[in-house]
Amino acid sequence: MITATLFKQSFLKTVRKQGFYKNMWVNIIMVLFALYMLVSFFLLGLTLGTLLSEIPVKMDPVQILNAGLLYMMLLGILMRYFVQPLNTVDLHVYQMLPIPRKSLVNYLIYRPLINPINYFWLIFLIPFAIKTVTPLYGSIAAFGFIITGLTISMFDLQLATYIKRLFAGSLLKIIGFVVFIAAIVALEVFDIFSIAKLSSAYFTYAIQHPWLWIVQLALVLVPIGLQHNYFKNNYYIDTYMKKDVSTHREMRLSFLDRFGKVGAIITLELKLIMRHKRTKSLIWMCFLYVFFGFLFFVDIQTDMMKLTGAILIVGLLMLSYGQWVFSWNSSHFDAILTKNTTARDFVLANYFLMLAFCLIPFVLSLFYLFIFNGVFKYLFVSLLYCAGFVIPMMIYFATFNSKRVDLNNKSAMNYQGTTMKNFLVVIPVMLLPMVLYPILNIFGLSASFFNIVGGLGIVGILFAPLFINVCVKQFNRRKYKMADGFREIE
Amino acid sequence: MIQINSLVKEYSGVVVLNIPELTISQGESFGLVGNNGAGKTTLFRLILDLTAPFTGEVLIDGITVERHEMWKNITSSFLDESFLIDFYTPEEYFYFVGKLYDRTTEEIDEFLLGMEEIFNGEIMGKKKLIREYSKGNQKKIGIASALLGRPKILILDEPFTALDPTSQIRLKKLLKEYHQKENMTMLISSHDLNHITDVCNRIVILEKGSIVRDIEAAGNSGELLKELESYFNV
């Protein structure tokens, strides 16, 4: 069973990877976070039935949830497309061994199916099936509901990988794909054709009819077959990986020329972001963060939760870049330190870039103004808070990250450079409003909550030159440690 | 021009460099030789403020380099690949560096034309990122970018290694030219005794972090080479 050996070796590769044990704390926190997610999804599954039955429509909770299933499917494809790395093998290692090509292809196609992370949402679907579907439709339908959930995961997964292989990173095709999905959503929004109604009617019917379960499962074979076909036509499996060596050349950002050395460094950082997978996926993720609004801005949320949501939307991109704001430059840090530019230019360039990284999601999320009432207040206060308070904090604390980040490491789940310090900084910064609110409440000051959080931001913006000076001093103090750390190749 | 006073560098209790006093004057071509681990790169890093000294200081034009930035105006250097920006094309990199040294686009283009002999048609217009070039070509890019800064002080760590013989000879010629034309102070380290004596008039031998010889022989590279060979021939 050569395919089985490949499975085993990929497991060993993970466990024996350098740094797997070194980053113990990171791993522990990740596990805790995963557990937290598991528990909250499980609890959501238990309680969602009751929550949905309170919505004043003529549908029962199962029909309402089913209405969302097709959308979940689309979202699943999108998420997987952008976030999940393609399953690959180190072909050159295996190519010279006497392994049938078929085993390699099978491994590539079926390996993701056994990854439990892909069935994450069953944690939420199973309690919902037991608690809500069973009393309304009987236990067979509940079983059908779970099977359907499972089938959707498998279908999504296979289709997303197929599309990803087919598109091979071509930006134009990706945009076309996103536009296609947006068009489907638009049909719904403008009442032309309701996918939700279709979804609700179909799935409610399907979960009660076992023959449809089989048809659905059989449909999973379609993307699998397409992938087999793809590999038949593309003999060299690694053409996908090779392609990204010679793309995106000449990039002109001449408008930044006007800003002298600071502009040159901003250009440097922008090119750095656009020419590396890890940083590029940060930008893509930002577009997903914007949709947090649908979770946080709905009427049932409290003021505090709405503000926390808005801070996440406006701040996450800046945070995920800002945490390692200096570490991104690991591979050319000596150049930054010795070429004719000052620490001040470097800090300033990153400050402006992070400012832009707050403004972009802020502008992108302005469409919520048309959907939810009074959202502007939350978004604007978040912008002030992130721009004024969080950015200087991030720059200051980023100087403590002296672990090398090697951007040429291709994997998408590349956590290099992640240390305990990252969590220590990000959590308090993001959760400060959540902590502040109850405290203000005790003193009966909850009405001035917004003024205080926004005021913090305004003070930060007014005193920005001062904070930048502090950051420059800190950078100069820490630069030797950083330079030494960035030179250490793992 | 460069003044070093009681400079000591320690790594976890071990002294890796100890230079009580060293002066390098304007226009000098200063060669640094020594076996592996002698402290050559450490000395260069200390001069470039890339690492903090344990005690002592390096002065450039009378101002300590530590936590100061004035010296950057007149100093250019290439020690290793971390001085390059590996995701830039050479063109982008040269314009970036040129911008930092306040050179106009025309000046940069003219400079690059002058570099063609060294580049040998392998660098420009290839539409490749620097990380996709061979080690030797990366070195050429790094050295050229250092010269682009029109420096008063040029610091190069082992510029001849990884270069092909033709490029080594051309580089020597280029360095001598720049040295004479601009009255540039050059600090070069090398393992190649032939090349270093050819380019430099003053040679300092480092051993285990200390200066053991400081030989000056203006214009008599044969003599220099003999002395060095006798020192290392043990």
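Chain letters run A, B, ... following the sequence lines, proteins first, then strands; residues in each count from 1. Only this structure's heavy atoms are used, side chains among them; waters, hydrogens and symmetry mates stay out.
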Lys/Arg-Asp/Glu bridge criterion (N-O < 4.0 Å) met for B:Arg202, B:Glu28: yes
Lys NZ or Arg CZ of B:Lys9 over B:Tyr11 ring: under 6.0 Å, within 45°: yes
Trace of the salt bridge (charged side-chain N to carboxylate O under 4.0 Å, His left out) decision for B:Glu182 with B:Lys176: CA-CA 10 Å; B:Glu182 315 259 340; B:Lys176 281 187 203 162; over 6 Å; no
Part of A:Lys339 within contact of chain B (heavy atom distance under 4.5 Å): both
Interchain contact, A:Ala483 with chain B, by part (heavy-atom threshold 4.5 Å): side chain
Which atoms of A:Ile336 approach chain B - backbone, side chain, both or neither, heavy atom under 4.5 Å: backbone
Region of B:Asp86 that comes under 4.5 Å of a non-hydrogen atom in chain A: side chain
Closest-packed option against chain A by number of heavy-atom pairs under 4.5 Å, given B:Thr51, B:Val97, B:Leu84, B:Thr75: B:Thr51
Geometric class of the B:Phe111/B:Tyr178 ring pair [parallel <30°, tilted 30-60°, perpendicular >60°]: perpendicular
Interchain contact, B:Glu81 with chain A, by part (heavy-atom threshold 4.5 Å): backbone
Salt bridge present between B:Glu92 and A:Arg275 (N-O < 4.0 angstrom): yes
Ion pair B:Asp80/B:Arg45, N-O distance below 4.0 Å: yes
Contact origin within B:Phe78 toward chain A - heavy atom pairs under 4.5 Å: neither
Portion of B:Asp49 that has a non-hydrogen atom of chain A nearer than 4.5 angstrom: both
B:Lys128 to B:Tyr133, cation-pi by 6.0 Å centre distance and 45° axis angle: yes
Per-residue contact mode, B:Ile85 against chain A (heavy atom under 4.5 angstrom): both
Side chain, backbone, both or neither of B:Phe96 within contact of chain A (heavy atoms, under 4.5 Å): side chain
